[in-house]
Amino acid sequence: MRYEITEIGRQLTIHIDQLQGEQDRLLKTFEGCQSGHCKCPTKEYKKLDALDVEVNPADMTLTLRAKEGSAINKDQLERCLKSTIEEVGKKRG
C-alpha cells in the first residue's frame, strides 16, 4: 500500500492506493477511529471532529477534520497510519 497525507488548516486528507484487496480490513479499522475507539499508538483521534471515508476499487481517501481549536499532528497521524497498515498486513498473512 502507498499513501499520501496532505494538510490544509484543520483538515488532513489521506489518499491510499495500491490497496491489494485490503479495503474491507482498512475500513473496519478506521471505523474504530470514527467511533472514538482507535487502536493507534497515539491519542490524536481525541482531537477528531469528523472522519469521512471515500472508497473506490483501486484507492481510498480519508478526510479528517480536527475539533475547533485543535490541530491533528501530521507526524502522529502518519505514525498511526503506518501502524494500521502493518496490522492489516499481519491479518492478511
Side-chain angles (χ1 to χ4, degrees):
M1 280 180 250
R2 187 178 63 174
Y3 64 88
E4 179 180 0
I5 302 172
T6 55
E7 182 175 15
I8 300 174
R10 290 186 354 219
Q11 182 171 299
L12 291 169
T13 301
I14 304 168
H15 181 81
I16 306 170
D17 62 5
Q18 299 178 3
L19 295 171
Q20 304 166 331
E22 298 297 339
Q23 294 93 324
D24 292 339
R25 286 191 177 126
L26 278 173
L27 279 175
K28 185 174 181 173
T29 301
F30 293 137
E31 285 173 1
C33 297
Q34 279 179 309
S35 66
H37 298 93
C38 194
K39 295 181 181 178
C40 291
T42 178
K43 299 296 182 194
E44 290 299 295
Y45 68 91
K46 291 183 178 185
K47 299 176 183 177
L48 191 62
D49 183 42
L51 171 59
D52 299 318
V53 181
E54 180 182 330
V55 181
N56 299 298
D59 62 2
M60 176 183 297
T61 301
L62 294 87
T63 304
L64 297 85
R65 283 183 300 285
K67 293 177 182 175
E68 188 71 39
S70 294
I72 298 171
N73 182 295
K74 184 177 175 183
D75 292 337
Q76 291 295 314
L77 179 66
E78 186 165 15
R79 181 177 167 211
C80 180
L81 188 57
K82 285 179 180 179
S83 173
T84 300
I85 289 172
E86 182 180 301
E87 186 64 30
V88 166
K90 286 180 185 176
K91 290 179 182 176
R92 178 182 43 175

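Worth knowing before you read on, the calculation uses all heavy atoms, side chains too, and leaves out hydrogens, waters and symmetry mates.
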Please assess L64 against L48 for the test side-chain contact (heavy atoms from CB on, under 4.5 Å), listing each intermediate value before the final yes or no. CA-CA 7 Å; L64 297 85; L48 191 62; 3.8 Å; yes
Using the side chain to side chain donor-acceptor pair (under 3.5 Å) criterion, which residues pair with D75? Sequence neighbours excluded. none
Ignoring hydrogens and geometry, is there a side-chain-to-backbone donor-acceptor pair from E44 to L77 under 3.5 Å? no
Residues A66 and I72: closest non-hydrogen pair is CB-CG1, 3.9 Å
Least distance between heavy atoms, Q23 atom then P57 atom: NE2-O, 2.7 Å
Spacing of CD belonging to E4 relative to CD belonging to E78, to within rounding of 0.5 Å: 11.0 Å
So, K67 side chain and D49 main chain: donor-acceptor pair closer than 3.5 Å or not? no
So which of T61, T63, L62 actually passes side-chain contact (heavy atoms from CB on, under 4.5 Å) with V53? L62
For Q76, check side chain to side chain donor-acceptor pair (under 3.5 Å) against everything at least two apart and list the hits. T42, R79
In this structure, CG of D59 is separated from CD1 of I16 (nearest 0.5 Å) by 9.5 Å
Pairing residues for D17 by the side chain to side chain donor-acceptor pair (under 3.5 Å) criterion, not counting sequence neighbours: R2
Show your working on side-chain contact (heavy atoms from CB on, under 4.5 Å) between L27 and M60 and close with a plain yes or no. CA-CA 9 Å; L27 279 175; M60 176 183 297; 4.0 Å; yes
Hey, could you give me the CZ/CG distance between R65 and L12, rounded to the nearest 0.5 Å? 11.5 Å
From I85 CD1 over to L26 CG, what is the distance, rounded to the nearest 0.5 angstrom? 6.5 Å
What's the spacing between K74 NZ and E7 CD if we round to 0.5 Å? 6.0 Å
Excluding sequence neighbours, so at least two apart, what forms salt bridge (Lys or Arg N to Asp or Glu O under 4.0 Å) with E68? R10
What residues, two or more places apart in sequence or in another chain, satisfy salt bridge (Lys or Arg N to Asp or Glu O under 4.0 Å) together with D24? none
Set of side chain to side chain donor-acceptor pair (under 3.5 Å) partners for T13, sequence neighbours left out: none
Here the gap from T84 atom OG1 to I14 atom CD1, rounded to the nearest 0.5 Å, amounts to 8.5 Å
